[in-house]
Amino acid sequence: ETGVTQTPRHLVMGMTNKKSLKCEQHLGHNAMYWYKQSAKKPLELMFVYSLEERVENNSVPSRFSPECPNSSHLFLHLHTLQPEDSALYLCASSQDWGPSSYEQYFGPGTRLTVT
Amino acid sequence: AQTVTQSQPEMSVQEAETVTLSCTYDTSESDYYLFWYKQPPSRQMILVIRQEAYKQQNATENRFSVNFQKAAKSFSLKISDSQLGDAAMYFCAYRNPYGQNFVFGPGTRLSVLP
C-alpha cells in the first residue's frame with residue numbers, strides 16, 4: 001500500500017458506543033494530523049503529532065482521544081459522541097512538523113455518523 | 001489569526017475551457033506558503049499546486065497555474081483545458097513558515113460540463 005490509508009471508510013455509531021478510527025501512512029513521514037470536515041465548513045485541524053508526540057490540540061472535546069503509537073500509525077478514539085460530531089474525519093501526514101516541510105498528504109477519510 | 005476566503009462556493013466550466021477559482025487570505029506574515037488542494041468525489045485530498053510567498057514567479061503545474069498577488073493577498077487558481085476529471089472540491093490553504101499551522105478555505109465546488 002502507498003500513501004495514507006484510513007479505516008474504516010464508513011462508521012455508524014450510537015452516542016454511547018466506543019469506537020476507534022485508524023490511520024496509517026506509508027511515506028516515512030514524521031508528522032501526522034487529524035482533521036474534521038463538516039458540510040459547508042472549512043477543515044478543522046484537531047490534533048498534530050510529531051515523532052509520536054502531540055504538538056497541537058485545537059480545543060477538541062475530550063470525547064475525542066488521539067493516540068500515536070509510532071510515526072506510521074495514528075488513532076482517534078471516540079467515546080460518548082454527539083450527533084453534531086457526524087462528519088468526515090481526515091488523516092494527513094507530512095515529512096516533518098516545522099518550516100522545512102511543505103505539503104500534507106491526506107487519507108481518503110472516515111465518514112462518521114452518530115445516531 | 002490567519003484566515004482564508006474562497007468567495008465562490010460553486011463554479012462550473014465547459015469541458016476544454018478555462019476557469020479561475022478565487023482565493024484571498026489575511027496574514028501579517030511576509031513569508032508563508034499557499035496551496036491548492038483538490039478533493040474529488042472519492043474524497044482523497046491531493047495537492048494541486050503550491051506557491052512560496054518569497055517567489056515572485058507564479059507556480060505552474062501542467063494545466064494548473066496560479067496568479068499570486070502578494071500585495072493584494074490573492075491567490076487564484078487557473079485551470080486550462082478543463083477535463084471531466086477536474087470536477088472536485090478545491091480548497092485554498094495557507095501555511096505559516098514556523099510550523100504546520102494549515103488554514104483551509106471553505107472550498108469551491110467545480111463542475112465540468114461535457
Side-chain angles (χ1 to χ4, degrees), chain A residues 1-10 23 25-27 29-51 53-59 87-112, chain B residues 1-10 23-27 29-55 59 61 64 66 75 77 88-109:
Chain A
E1 289 225 51
T2 59
V4 181
T5 58
Q6 290 186 244
T7 55
R9 295 293 302 273
H10 300 270
C23 175
Q25 57 94 2
H26 310 269
L27 300 168
H29 289 168
N30 294 317
M32 296 186 76
Y33 311 76
W34 279 118
Y35 285 90
K36 177 182 178 182
Q37 186 178 28
S38 306
K40 298 182 181 179
K41 290 178 69 175
L43 267 70
E44 301 172 61
L45 180 64
M46 300 175 72
F47 301 104
V48 180
Y49 275 83
S50 175
L51 296 172
E53 186 176 325
R54 192 190 307 181
V55 294
E56 288 274 344
N57 175 2
N58 286 357
S59 302
L88 181 68
Y89 288 85
L90 292 170
C91 175
S93 72
S94 64
Q95 184 60 54
D96 293 293
W97 183 76
S100 63
S101 185
Y102 295 132
E103 62 262 30
Q104 297 182 342
Y105 295 79
F106 286 84
T110 294
R111 172 67 64 189
L112 174 67
Chain B
Q2 293 88 5
T3 58
V4 177
T5 302
Q6 292 177 251
S7 59
Q8 307 148 317
E10 295 183 357
C23 172
T24 58
Y25 56 93
D26 185 27
T27 183
E29 304 287 347
S30 60
D31 193 18
Y32 46 87
Y33 304 96
L34 297 165
F35 307 84
W36 278 98
Y37 279 89
K38 169 186 177 181
Q39 189 179 37
S42 65
R43 296 178 307 192
Q44 190 128 17
M45 191 109 66
I46 56 175
L47 178 69
V48 175
I49 199 165
R50 70 167 183 253
Q51 174 83 41
E52 292 90 342
Y54 64 85
K55 289 186 177 178
E61 284 288 338
F64 298 88
V66 299
F75 182 62
L77 174 70
M89 281 289 288
Y90 286 81
F91 294 94
C92 179
Y94 165 99
R95 184 180 84 82
N96 68 42
Y98 309 114
Q100 286 291 3
N101 210 13
F102 274 76
V103 179
F104 285 81
T108 296
R109 182 175 301 281

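Each chain gets a letter, A, B and so on, in the order its sequence line appears, and its residues count up from 1.
For the pair A/L90/B/Q39, a side-chain contact is recorded, criterion being any heavy-atom separation below 4.5 Å from C-beta on.
Contact annotation for A/Q37: only side-chain heavy atoms (C-beta onward) come within less than 4.5 Å of a heavy atom of chain B.
Evaluation of the side-chain contact (heavy atoms from CB on, under 4.5 Å) rule for B/Q8 yields B/M11, B/L21, B/S22, B/T108 as partners, not counting sequence neighbours. Not counting sequence neighbours, the partners of A/M46 by the side-chain contact (heavy atoms from CB on, under 4.5 Å) test are A/W34, A/K36, A/V60, A/F64, A/L76, A/Y89.
Note that the OH atom of A/Y35 and the CZ atom of B/F104 stand 4.5 Å from one another [nearest 0.5 Å]. Of the inter-residue distances, the one linking A/F106 atom CZ with B/L47 atom CG reads 9.5 Å to the nearest 0.5 angstrom.
Crowding of A/R54 atom CZ: a count of heavy atoms from other residues, nucleotides or ligands under 6.0 Å exceeding 12. Residue A/Y49 places its OH atom among more than 12 non-hydrogen atoms of other residues, nucleotides or ligands, all under 6.0 Å distant.
Contact record, A/E103 with B/F102: CA-CZ, 4.3 Å, taken as the closest heavy-atom pair.
Between chain B and the options A/R9, A/Q6, A/E44, heavy-atom pairs under 4.5 Å are most frequent for A/R9.
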